[in-house]
Amino acid sequence: MAPFNFDATVFKPSYFPSSDVTFEPGRFWSTMRLGPHVFGVKLENHGDTDAPALDLCIFSVVPPDPAAAGAVADEVRWRFDLDADLTGFSTLAAGDPLLGPAVERRRGMRLNAFQSLYEFLVITVVLQNATVRRSVQMMENLFSGFGGRAAFDGRELSCFWEPARLAAAPEEELRALKVGYRAKTLLRQAAAFRGGGLDERELRCLGKDELEGRLLKVFGVGPASVGYLLFAVFHHYDAFDTVPPWEQKIYSQLLFEADLVPAATILAEVRRRWGPWRMLAAHYVFEDLFGRHRQEPIPWLGKLLRL
DNA sequence: CGGCAGGTGCGGA
DNA sequence: TCCGCACCTGCC
């Protein structure tokens, strides 16, 4: 679906770097695990924002059968939200002085979580109560302890592990990877997936409220993580019902030009301004801010980002 | 060296 | 339902 902005979709300035994905203008590489199989995925941009065209190349140790290749393609389509129709969103943005310029600069950007539900859950756990640098360190330690490496197309990237593999490890093995008290959470989550009690495909069909309830039952998932999951993994554009402490400071500046505004005030404001599009809108404003910060450092943001 | 970070589960009011 | 507290680790 047009408009589709390849570069703004595959590269999010606010995301922490991770060795399972890499990109350059017009190209994106990642590993993708589907059950026991690990694939290399390469995407190339062959169109432009108003006439999008993508080339997908799939790498594997043995040639994938058509069904497996189709499954990878379907996942790419879902994870980059390629079928999204953002017509209503564009109309909304046009009349908003904060959102408008951000959408103009990143027109056609989609949400992007190039991970499965289980994998993204691991990401939310390493984000908890940690600075960015430490999150990166924990994630990379987990890749080296439980994940693997896949070399394809002249690159070598990390890949995630199967939940069963991590679930079988003793807690000390995880603690040795410097994840601290998160070891218990990682073990319990992996065990939940090993048992097959959480089926991502099935969960995608649920409504937001029921889905949220199911996710909150997962050990280690609270209000902040569930918001990230609902938006990034399940594409609920309105999943902005909680503000984590560090984002509260950023939205206070963006929306009110103040140091710290109560969370409830921020939530009421984004509902009023952006309604059912509020998380997608916030995503645009956020990525635009971080993107501009990379080009030309924004002093107040620099102070908030503890590396 | 104590405080704190891109939260969460738990026990008690 | 709401609140206070502990929690790995590493930086400030």
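Reminder, nothing fancy here: chain letters follow the sequence lines and each chain counts from 1.
- Here the P atom of nucleotide B:dG7 and the CD1 atom of A:I123 are 16 Å apart, to the nearest Å.
- Between A:Y251 and A:F286, the ring center distance clears the sub-6.0 Å criterion.
- Distance, A:L229 CG to B:dT8 P: 10 Å, rounded to whole Å.
- Side-chain nitrogen and oxygen atoms of A:Q137 include at least one within less than 4.0 Å of the OP1 or OP2 phosphate oxygen of C:dG10.
- Along DNA chain B, the nucleotide closest to A:K249 and the one closest to A:A224 are compared, and the more 5′ of them pairs with A:K249.
- When the P atom of B:dT8 is taken as reference, atom NZ of A:K217 falls 17 Å away, rounded to whole Å.
- Between C:dC8 and B:dG11, the distance separating the two P atoms is 16 Å to the nearest Å.
- With a cut-off of 3.5 Å on both pairing distances, C:dC8 has no Watson-Crick or G-U wobble partner at all.
- Relative ring orientation between A:F4 and A:F6 is described as perpendicular, the plane-to-plane angle rising above 60° on a 0-90° scale split at 30° and 60°.
- Rounded to whole Å, the distance from CE on A:M138 to C1' on C:dC7 is 12 Å.
- Annotation: B:dG6 and C:dC2 have their C1' atoms spaced 24 Å apart (nearest Å).
- Of the candidates C:dC8, B:dA5, C:dG10, the closest approach to any side-chain atom of A:K178 belongs to C:dG10.
- Residues A:F160 and A:Y118 place their aromatic rings such that the two centres sit no closer than 6.0 Å.
- In this structure, A:E247 and A:G220 both approach DNA chain B, and ranking their closest nucleotides by distance from the 5' end singles out A:E247.
- Side-chain proximity of A:S225 to B:dG6, C:dG10, B:dT8: nearest is B:dT8.
- Using the six-membered ring where Trp is involved, A:F114 and A:F28 have ring planes that are perpendicular, over 60° apart on the 30 and 60° scheme.
- Nearest to the side chain of A:N129, among B:dG6, B:dA5, C:dG10, sits B:dA5.
- Between the C1' atom of B:dG6 and the CD atom of A:Q128 lies a distance of 10 Å, rounded to the nearest Å.
- Among the nucleotides B:dG6, C:dG10, C:dC8, the one closest to any side-chain atom of A:R175 is C:dC8.
- As judged by a 4.0 angstrom heavy-atom cut-off over every strand, A:S14 is placed among the base-contacting residues.
- For the pair A:R134 CZ and B:dC4 C1', the interatomic distance rounds to 12 Å; values are reported in whole Å.
- In this structure, A:D241 pairs ionically with A:R271, as a charged nitrogen and a carboxylate oxygen lie closer than 4.0 Å.
- Here A:V125 lies out of heavy-atom contact (under 4.0 Å) with every strand.
- Atom CZ of A:R204 is surrounded by more than 12 heavy atoms from other residues, nucleotides or ligands within 6.0 Å.
- Heavy atoms of A:V218 sit under 4.0 angstrom from primed sugar atoms or phosphate atoms, though from no base atom.
- Set against B:dG6, B:dG7, B:dT8, the side chain of A:Y181 has B:dG7 as its closest nucleotide.
- Backbone-only engagement by A:F219 is indicated by non-hydrogen atom pairs under 4.0 Å involving sugar-phosphate atoms exclusively.
- Between A:E171 atom CD and C:dC7 atom C1' there is a gap of 12 Å when expressed in whole angstrom units.
- Remark: C1' of B:dG9 and CZ of A:R188 are 9 Å apart, rounded to the nearest angstrom.
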